[in-house]
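Notes follow once the structure below has been shown.
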Amino acid sequence: MNACAQFLVPIGRHWLFYAPLQATAALVNEAAAQALRDGRLDALPVSNRPALEMILANPQGDVSPREGALAPTMLGIVPTRGCNMACSYCNFEGPSAALTTMPLSTATAAVDWAASQVAGVGGDTLSVQFFGGEPFVARDVVETVVHRARAVAASSGIGVRFDASTNGNYGASTCRFIADHFDSIVLSLDGPADVQDRNRPLSHGRSSATIVERTGRMLGESPIELCLRMCVTQESVQRMRAIVQWMIASFDPNTIDLETLTPGPLAEKAGLRPPDPYLFARGAVECQRIGRDAGVSVIYAAALGVPPRKTFCPVGSDAAIVLPDGVIAACYLQPEEWVARDLDLRYGHIDATGQVHVDRAALQAVRTLPAHKPRCADCFCRFGCAGGCHVNQTYPGCADTYTDFCTQTRVLTAIRLLQELSLIHI
């Protein structure tokens, strides 16, 4: 039953009734489940009727695509596609990527434009996020954006926030710069040295563990919000609990993000595969318990309790991600990946004079993409994970059968709902 975005999920001899757009769930018996399937509220058991009638009467959340003027919810800057590591599962180009960097004129034009757009609609904060490659390989671009954004935001009467996704392979001076200027960092760290060096080595197989761990310690001691992103593989899934305990003891993170390996040519060559989805889900639950006891948030992004979610990734959220060549796109992945999925996620560009051009038709097309995911139509997670990455998970023409990503997301979402109902305690 999903005509009104309401779902029944079998849980033993009962059913989990879930109305994500009302952010409400209930455990019901078979009689109530059948009445709900038939749309006959008068047939609901007396004990279930008041709560379920109230749920069904509540207005649904708005999940329609964005419209109107563009005020970037996030200005994404990709200073370079270059990287200083050689990760075994990299789906970018790693050390073979071009080391060309974004011209400083493009970077400043992007900041000026985004700040004016945010201020123009009465927004209060310019959110700037850096992606790569490894963004701090092009530290001059990062510094230019940071200082320009602070000045422009102040003159526009708005605040500014800086976040970055990084591999941590740099010196102490960069750590200090980050600690002084950034609000949060997502640091990729897969585990202790044997795991980290297997998954995320430097070039020629050299160890990255020592320097990345030092970065983690320095950032953990700083005022910023530190998120450690752990990529879980079939080799590390059985060690998730121990790795999370080690991370908490070693780095004092605010958050640990558990994600599974995305398959690709390099991962296949290295013999790395995604974990069994059930083993991952069990490990994630155990790790969440460890994190709760330590005051650290341990998350799996696709099963966060934030419905209704219109989109999982920047696509469709009015993020403006500026690529090194000045293209403005909805996605920070490489355009070659979009093309392989028969997608075009560009909607503007910054020209050589610093003028910003937005194609309104292309923008609106990107806004509507997340609404068209046939695989998700009958899934109770559709407004929770929103189908995952539009390029890697639910791209146009993908098979309509559930994947391992779907399986682990569905299991963890059901567990979260039962926890929220106080029916299980973890």
- Does the pair Asp140 and Glu143 meet the rule for a side chain to side chain contact (heavy atoms under 4.5 Å, CB included), with working shown? CA-CA 5 Å; Asp140 58 335; Glu143 290 192 15; 5.8 Å; no
Kindly indicate whether the side chain of [X], heavy atoms from C-beta on, has any atom under 4.5 Å from the side chain of [Y].
X      : Y      : value
Leu258 : Phe280 : yes
Val358 : Gln117 : no
Leu323 : Arg81  : yes
Phe130 : Ser165 : no
Val315 : Trp338 : no
Phe7   : Pro20  : yes
Ile256 : Cys287 : no
Ile185 : Asp163 : no

List the atom of [X], the atom of [Y], and the distance in Å for their closest heavy-atom pair.
X      : Y      : result
Leu126 : Ala114 : CD1-CB, 3.8 Å
Val356 : Ile328 : CG1-CD1, 3.7 Å
Phe162 : His181 : CD1-O, 3.4 Å
Cys389 : Phe312 : N-CD2, 3.6 Å
Arg200 : Asn167 : NH2-CB, 3.5 Å
Leu363 : Tyr347 : N-CB, 3.6 Å

- Query: Could you walk me through whether Leu369 and Leu345 pass the side chain to side chain contact (heavy atoms under 4.5 Å, CB included) check?
  - Reply: CA-CA 10 Å; Leu369 275 174; Leu345 302 179; 3.4 Å; yes
Counting heavy atoms not belonging to [X], are there more than 12 under 6.0 Å from its [atom1]?
X      : atom1 : answer
Arg367 : CZ    : yes
Arg282 : CZ    : no
Arg273 : CZ    : no
Asp342 : CG    : no
Gln245 : CD    : yes

Does the [X] side chain pair with the main chain of [Y], one donor and one acceptor, at a distance under 3.5 Å?
X      : Y      : value
Asn169 : Asn84  : yes
Lys310 : Arg66  : no
Ser236 : Val232 : no
Asp404 : Pro274 : no
Arg309 : Gly384 : yes
Ser222 : Ala179 : no
Ser88  : Ala267 : no
Asp190 : Cys231 : yes
Arg375 : Gln393 : yes
Arg346 : Asp359 : no

As an exercise, state the distance from [atom1] of [X] to [atom2] of [Y], rounded to the nearest 0.5 Å.
X      : Y      : atom1 : atom2 : answer
Lys269 : Leu272 : NZ    : CG    : 13.0 Å
Arg239 : Met230 : CZ    : CE    : 8.5 Å
Leu70  : Thr73  : CG    : OG1   : 8.5 Å
Phe182 : Cys175 : CZ    : SG    : 12.0 Å
Asp293 : Ile248 : CG    : CD1   : 9.0 Å
Leu261 : Gln234 : CG    : CD    : 8.0 Å

- Message: Ring centres under 6.0 Å, that's the criterion: do Tyr332 and Phe131 meet it?
- Response: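 Centroid distance Tyr332-Phe131: below 6.0 Å, so yes.
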- Query: How about Tyr300 and Thr409: does a side-chain donor come under 3.5 Å of a side-chain acceptor?
  - Reply: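 Judged by distance alone, the side chains do pair up.
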- In terms of side-chain heavy atoms, does Ser207 have a donor or acceptor partner in Asp197 at a distance below 3.5 Å?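 Yes, because at least one side-chain N or O of Ser207 sits under 3.5 Å from a partner of the opposite role on Asp197.
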- Message: Let's go through Gln419 and Arg416 carefully: what are the C-alpha distance in whole Å and the side-chain angles of both, what is the deciding distance for side-chain hydrogen bond (donor to acceptor under 3.5 Å, both in side chains) to 0.1 Å, and is it a yes or a no?
- Response: CA-CA 5 Å; Gln419 285 180 275; Arg416 175 182 61 78; over 6 Å; no
- Message: Against the six-membered ring of Phe177, is Arg139 placed for a cation-pi contact (under 6.0 Å from the centre, within 45° of the normal)?
- Response: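 Positive - Arg139 is close enough to the ring of Phe177 and near enough to its axis.
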- Task: Would you mind checking if Arg341 and Glu337 are paired as a salt bridge, meaning a charged N to carboxylate O distance below 4.0 Å?
- Result: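 Arg341 and Glu337: not salt-bridged.
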- Message: Using side chain to side chain contact (heavy atoms under 4.5 Å, CB included), reason through Cys379 and Arg410 one step at a time and then give a plain yes or no.
- Response: CA-CA 8 Å; Cys379 180; Arg410 286 161 61 85; 3.3 Å; yes
- Message: Consider side chain to side chain contact (heavy atoms under 4.5 Å, CB included). Of Val141, Val137, Val142, which one does Thr80 pass it with?
- Response: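 Testing each of Val141, Val137, Val142 against Thr80, the sole residue satisfying side chain to side chain contact (heavy atoms under 4.5 Å, CB included) is Val137.
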- Query: Is there a side chain to side chain contact (heavy atoms under 4.5 Å, CB included) between Tyr170 and Ile178 once you walk through the steps?
  - Reply: CA-CA 11 Å; Tyr170 33 75; Ile178 292 170; 3.4 Å; yes
